[in-house]
Trainee: 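Below are the structure tokens for one structure; questions will follow.
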Amino acid sequence: MGIIVENPGILTTVQDEGRFGYQQFGVSPAGPMDTQSFYLANILAGNRRSEGLLEMTFSGPTLKFQVDNIIAVTGASMSPCVNGEPVPMYQAVLVRAGDTLSFGMTDGNGSRGYLAFAGGLDVPLVMGSKATLMRNNLGGIEGRKLEKGDAIGFASPKTELPNMPLRRLAPERFPTGELTLRVVTGPQDTDFSEEELKRFFWYSAKITNEFDRMGCRLEREEPLKHIGDGNIITDGIAFGSIQVPSNGQPIIMLADRQSTGGYSKIGTVISVDLPKLTQSVPGMRVRFVRVGIELAQNLYVRRLKSLERLEKQLGR
């Protein structure tokens, strides 16, 4: 027993860290859009960082609890309430059997929220993962977003966790208006002239309405020009790869991206900056800054060490 979905919200899915090792077979990893908020929710709830939880987009669900369990909510501000009373985000909170947990629309601070349950969700593994990949109908709840009436069990619910008074963090504030993303160029940056590369970094672009879990299409006032036609022999795509099709309008590939693609990739957004993008909304502007791979790796390692310190401090 666990929760009953009374209202699913706009787009709520089960996500764990992702489904790895299958891109060679055309199966993308899926997993969380905002990895930082995902990890923090699980750590606060006393779980392994990779455990499955609910990712919410723009508005969250209404859930009826059948048993007691501890939760943690991170990411976008969606006004979580238990029985109509506000509960804090970025904090471990005990919810009792019979209680109703509800969310509203995001208040403009972010677009995706993360709801972790102590002990994790009792969702079957598909190719070693609980992550929902909707375009392939894999994982989660029948490979789809949550629907009214869905019942999801808790794997190992808890009413107590070590260091409960310490299981609280300052809520994240996400960028508004314009965000800056650091980019490592390549692997097809040579498909663009040096002048075009400079233009890519000099001028900002607008996030369009074509922004979902697969990718984020940008609109530049002056499209980028390839030396050739913009097509390449199909190769692999990473989370954050920036494809530039023949129309010159970049697309940043995200969690549910296709596994391979045949457009030139001018660069890749570094991992620690991707949460800023995935918490953004259409209409915001993006500006790119060029960095080296050494800095990207050092920042990623620094983030991992920070998460490890928090895990050690709180315990499980």
Side-chain angles (χ1 to χ4, degrees), residues 10-13 15 18 23 28-38 55-59 75-76 106 108-114 131-135 145 172 174-189 192 199-201 203-224 230 236-291 296:
I10 293 176
L11 175 60
T12 306
T13 59
Q15 298 294 340
Q23 280 194 246
S28 300
M33 290 279 274
D34 176 354
T35 53
Q36 180 73 0
S37 295
F38 168 84
E55 178 183 88
M56 309 170 287
T57 305
F58 289 116
S59 75
T106 176
N109 179 42
S111 57
R112 291 177 170 85
Y114 294 83
T132 307
L133 181 59
M134 289 185 292
R135 65 188 182 86
K145 64 182 181 179
E172 181 81 9
F174 299 105
T176 58
E178 181 174 292
L179 62 151
T180 300
L181 301 175
R182 289 166 288 191
V183 170
V184 175
T185 54
Q188 286 94 34
D189 53 319
F192 304 86
R199 290 180 62 246
F200 175 73
F201 290 107
Y203 300 106
S204 64
K206 185 177 73 173
I207 296 175
T208 71
N209 289 327
E210 295 181 71
F211 182 10
D212 57 20
R213 282 185 50 87
M214 283 190 66
C216 174
R217 188 180 294 272
L218 305 178
E219 181 182 353
R220 293 174 53 90
E221 293 177 3
E222 293 187 24
L224 292 168
I237 297 177
F239 196 169
S241 290
I242 307 172
Q243 287 189 318
V244 184
S246 55
N247 66 6
Q249 300 292 3
I251 308 169
I252 306 176
M253 309 310 296
L254 302 175
D256 286 1
R257 63 198 178 273
Q258 65 266 34
S259 56
T260 62
Y263 296 133
S264 299
K265 293 180 288 296
I266 197 169
T268 302
V269 178
I270 70 173
S271 297
V272 298
D273 282 359
L274 283 168
K276 293 191 293 184
L277 173 65
T278 57
Q279 289 288 359
S280 300
V281 297
M284 291 178 61
R285 299 199 70 84
V286 176
R287 189 173 297 277
F288 297 109
V289 174
R290 190 174 190 171
V291 298

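Residue numbers run from 1 in the order of the sequence given. Scope of the values below: all heavy atoms of this structure, side chains included, with no hydrogens, waters or symmetry mates.
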Trainee: Do the side chains of Phe239 and Pro29 get nearer than 4.5 Å, heavy atoms only?
Mentor: no
Trainee: What's the shortest heavy-atom distance between Pro223 and Gln249, and which atoms?
Mentor: CG-NE2, 3.6 Å
Trainee: If you look at every heavy atom in Gln15 and Thr132, which pair is closest and at what distance?
Mentor: NE2-O, 3.0 Å
Trainee: Atom CD1 of Ile207 and atom CD1 of Ile252: how far apart are they, to the nearest 0.5 Å?
Mentor: 7.0 Å
Trainee: Within the side chain of Gln279, is there an N or O that forms a donor-acceptor pair under 3.5 Å with the backbone of Arg112?
Mentor: yes
Trainee: Run the numbers on Leu254 and Cys216 for side-chain contact (heavy atoms from CB on, under 4.5 Å), then give the verdict.
Mentor: CA-CA 7 Å; Leu254 302 175; Cys216 174; 4.1 Å; yes
Trainee: Please enumerate all residues that pass side-chain contact (heavy atoms from CB on, under 4.5 Å) together with Tyr203, with sequence neighbours excluded.
Mentor: Arg199, Arg220
Trainee: Using atom types as modelled and distance alone, determine if a side-chain donor or acceptor of Thr185 lies under 3.5 Å from a backbone N or O of Asp189.
Mentor: no
Trainee: I want to check a possible cation-pi pair here: Arg182 against Phe201, using under 6.0 Å from ring centre and within 45° of the ring axis as the test.
Mentor: no
Trainee: Just checking, any donor-acceptor pair under 3.5 angstrom between side chains of Arg135 and Ser28?
Mentor: yes
Trainee: Ignoring hydrogens, what is the shortest heavy-atom contact between Ser37 and Asp34? Give both atom names and the distance.
Mentor: OG-OD2, 2.5 Å
Trainee: So, Thr208 and Glu210: side-chain donor and acceptor under 3.5 Å apart, yes or no?
Mentor: no
Trainee: Would you say the ring centroid of Phe288 lies under 6.0 angstrom from that of Phe200?
Mentor: yes
Trainee: State, to 0.1 Å, how close Thr278 and Phe211 come at their nearest heavy-atom pair, and which atoms those are.
Mentor: CA-CZ, 4.3 Å
Trainee: Tell me if a side-chain donor or acceptor on Gln243 pairs with a main-chain N or O of Pro250 at a distance below 3.5 Å.
Mentor: no
Trainee: Just verifying a value: how many Å separate Met284 CE and Thr176 OG1, rounded to the nearest 0.5 Å?
Mentor: 6.0 Å
Trainee: Would you name the heavy atoms of Ala296 and Val184 that are closest together and state the gap between them?
Mentor: CB-CG2, 4.0 Å
Trainee: I need the minimum non-hydrogen distance between Gly110 and Ala76, along with the two atoms involved.
Mentor: C-CB, 3.4 Å
Trainee: Which distance, rounded to the nearest 0.5 Å, do you find between the OG of Ser241 and the CE of Met253?
Mentor: 8.0 Å
Trainee: May I have the step-by-step check of salt bridge (charged side-chain N to carboxylate O under 4.0 Å, His left out) for Lys206 and Glu221, ending in yes or no?
Mentor: CA-CA 9 Å; Lys206 185 177 73 173; Glu221 293 177 3; over 6 Å; no
Trainee: Going through the checks in order, is the side-chain contact (heavy atoms from CB on, under 4.5 Å) test met by Ile237 and Gln258?
Mentor: CA-CA 7 Å; Ile237 297 177; Gln258 65 266 34; 3.9 Å; yes
Trainee: Between Glu55 (side chain only) and Met33 (backbone N and O only), is there a donor and an acceptor less than 3.5 Å apart?
Mentor: yes
Trainee: Please check if the number of heavy atoms outside Lys276 that lie under 6.0 Å from its NZ is greater than 12.
Mentor: yes
Trainee: Is the backbone of Gly75 close enough, under 3.5 Å, to the side chain of Glu172 for a donor and an acceptor to pair up by distance?
Mentor: no
Trainee: So, taking the atom named CZ in Arg217 and the one named CD1 in Ile251, what distance separates them when rounded to the nearest 0.5 Å?
Mentor: 3.5 Å
Trainee: Short question: side chain of Ser204, backbone of Arg287 - any donor-acceptor pair under 3.5 Å?
Mentor: no
Trainee: Going from OG on Ser280 to CZ on Phe174, what distance comes out if it is rounded to the nearest 0.5 angstrom?
Mentor: 9.5 Å
Trainee: Roughly how far, to the nearest 0.5 Å, is the CG atom of Leu179 from the CG atom of Asp273?
Mentor: 8.5 Å
Trainee: Knowing that exactly one of Val289, Val291, Val269 qualifies, which makes a side-chain contact (heavy atoms from CB on, under 4.5 Å) with Val183?
Mentor: Val269
Trainee: Are any of the side-chain heavy atoms of Thr13 and Met134 separated by less than 4.5 Å?
Mentor: yes
